[in-house]
Amino acid sequence: MKLTAVIMAGGKGERFWPKSRTSCPKQFLSLTSDGETMIQKTVRRLGALVAPEDVYIVTNAAYLGLIHEQLPDVPAENVIAEPCARNTAPCIGLAAGIIQKKYGDAVMFVLPSDHLIRSEDMYTDTLRRAAEAAEAGENLVTLGITPTYPETGYGYIKYVRGSGRSGVYDVERFVEKPDLPTAKGYLKSGGYLWNSGMFIWKATTILSNIRQHMPLLYEGLLPIAAAYGTADFSDVLNEHFPDLPAESIDFGIMEKASHIHTIPGNFGWDDVGSWLALQRINETDSEGNMLSGDVVSVDSKNCTICAGSRMIAVLGLEDVVIVDTPDAVLVCDKNSTQDIKKVLAELRAQGRVELL
């Protein structure tokens, strides 16, 4: 069984502004105390299953330099630069076409570049079981996360409990992000998982599904995949990719396909979706504060404070996020961290693009 990995690394990470910028988004930042960036973590923890030469990175053309700098062991030809953003279905389809051309067929681990995994051994074991399930037939396998609280920011997977063999279960349906009462119901029922956005399948399986459910995408991918490995690849990619339909893999394929399975994951997953995540993934002090850099905290509780080149002193604050960078400082209530895009929208309206 040939194992490959496709890392989706084109996101902007806007909810981590002002650290995350258009020129250096979240996946290229270190958000933990070990100094390793998110994308470096993603590739490293695949090491027991996938060799560096079988890792493919699909990213924005602007990030090629960062990829080569942070992942020197990944061959340059394995870094695919999208000329524009077209969502996850074209991204994954492009990678599948390239992998099929190179290997004939292989199992693909399709993974975001900016998630955190605490129990890496358990994660490796889960991926191995998912690969075996994908190899066994025309199966589309997704990793679901056993929910620990009623999260309203994630989509959910309704799975058929008791249907699984070796911990692989049938998926009944995918559901959109719920409101809080609905999320509480999902948690209580025990029949729902968080949708992690991690997928495992054979290249031929996902291409067959794209051909069936997204024929325009399939036809548009054919000339691009055919040109891979030739001197014309970049020109063909730039010519055809912008015309591909912009659609997510969830809506375009997963909500329509058959033979969809899930494996519940309990390996300490976190999508690190906002500044609130730093309190979950880093050590906190006795008052629940996550303090990074030169910070003096007095009578403050449950705050996230990230100092830059200056000392930050906080007094009598609670549930506040403060992030200092050389040209911008973010100060917000913890309940507003999901709305940071509103700040970016205002900066765009003011024409202050140098801060984006």
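Everything numeric here is computed off the predicted structure, so don't read it as measured data.
With a 4.5 Å cut-off between side-chain heavy atoms of Ile, Leu, Val, Met, Phe, Trp and Tyr, the cluster of Leu276 takes in none. Other members of the cluster containing Phe251 do not exist, because no ILVMFWY side chain is joined to it at under 4.5 Å.
Checked by atom type and distance alone, the side chain of Gln27 pairs as donor or acceptor with a backbone atom of Ala9 at under 3.5 Å. Between the side chain of Ser119 and the backbone N or O of Phe267 there is no donor-acceptor pair closer than 3.5 Å. Put simply, the side chain of Asn289 gets close to the backbone of Asn302: a donor and an acceptor are under 3.5 Å apart. Side chain of Asn78 to main chain of Glu53: a donor-acceptor pair is present (N/O by atom type, distance under 3.5 Å, no hydrogens or angles). Between the Asn60 side chain and the Gly10 main chain, no donor and acceptor come within less than 3.5 Å of each other.
By the salt bridge (Lys or Arg N to Asp or Glu O under 4.0 Å) test, Lys334 pairs with Asp319, sequence neighbours left out. For Asp339, there are no side-chain hydrogen bond (donor to acceptor under 3.5 Å, both in side chains) partners two or more places apart in sequence or in a different chain. Residues that satisfy the salt bridge (Lys or Arg N to Asp or Glu O under 4.0 Å) test with Lys41, not counting sequence neighbours, are Asp34, Glu36. Annotation: side-chain hydrogen bond (donor to acceptor under 3.5 Å, both in side chains) contacts of Lys2 (sequence neighbours excluded): Asp54. Residues passing the ring-ring contact (aromatic ring centres under 6.0 Å, His included) test with Trp275 are Phe16, sequence neighbours excluded. Take Arg45 and apply the salt bridge (Lys or Arg N to Asp or Glu O under 4.0 Å) test, not counting sequence neighbours, and it matches no residue.
Residue pairs meeting the ring-ring contact (aromatic ring centres under 6.0 Å, His included) criterion with at least one partner in residues 283-333, sequence neighbours excluded, are absent. Every pair passing ring-ring contact (aromatic ring centres under 6.0 Å, His included) that includes a residue from residues 75-115 is listed here, sequence neighbours excluded: His115-Trp269. Residue pairs meeting the ring-ring contact (aromatic ring centres under 6.0 Å, His included) criterion with at least one member in residues 25-50, sequence neighbours excluded: Phe28-Tyr63. Sorted by first then second residue, the ring-ring contact (aromatic ring centres under 6.0 Å, His included) pairs that include residues 311-356, not counting sequence neighbours, number zero.
The number of heavy-atom neighbours closer than 6.0 Å to NZ of Lys256, taken from other residues, nucleotides and ligands shown, is above 12. The local environment of NZ in Lys101 is crowded, with over 12 non-hydrogen atoms from other residues, nucleotides or ligands closer than 6.0 Å.
In this structure, Val175 is a member of the same hydrophobic cluster as Leu143, with clusters built from ILVMFWY side-chain heavy atoms closer than 4.5 Å. Grouping the Ile, Leu, Val, Met, Phe, Trp and Tyr side chains by contacts below 4.5 angstrom, directly or via other members, places Val329 apart from Val321. Residues Met311 and Val314 fall into different hydrophobic clusters, defined by Ile, Leu, Val, Met, Phe, Trp and Tyr side chains chained together at heavy-atom separations under 4.5 Å. Leu31 and Val43 fall into different hydrophobic clusters, where Ile, Leu, Val, Met, Phe, Trp and Tyr residues are linked whenever their side-chain heavy atoms come under 4.5 Å apart, directly or through other members.
Side chain to side chain, Ser248 and Asn87 fail the donor-acceptor criterion of an N or O pair below 3.5 Å. Between Asp121 and Thr124, the side chains place no donor N or O within less than 3.5 Å of an acceptor N or O (distance only, hydrogens not considered). Side-chain contact annotation: Asp105 with Thr204, donor-acceptor N/O pair under 3.5 Å present. Defined by atom type and a distance below 3.5 Å, a donor-acceptor pair is missing between the side-chain atoms of Gln279 and Thr284. A donor-acceptor contact closer than 3.5 angstrom links the side chains of Tyr56 and Lys102.
Screening His259, Glu132, His261 for a side chain to side chain donor-acceptor pair (under 3.5 Å) involving Asn139 leaves a single residue, His261.
Put simply, CD1 on Ile39 and CG on Leu66 are 9.0 Å apart, with the number rounded to the nearest 0.5 Å.
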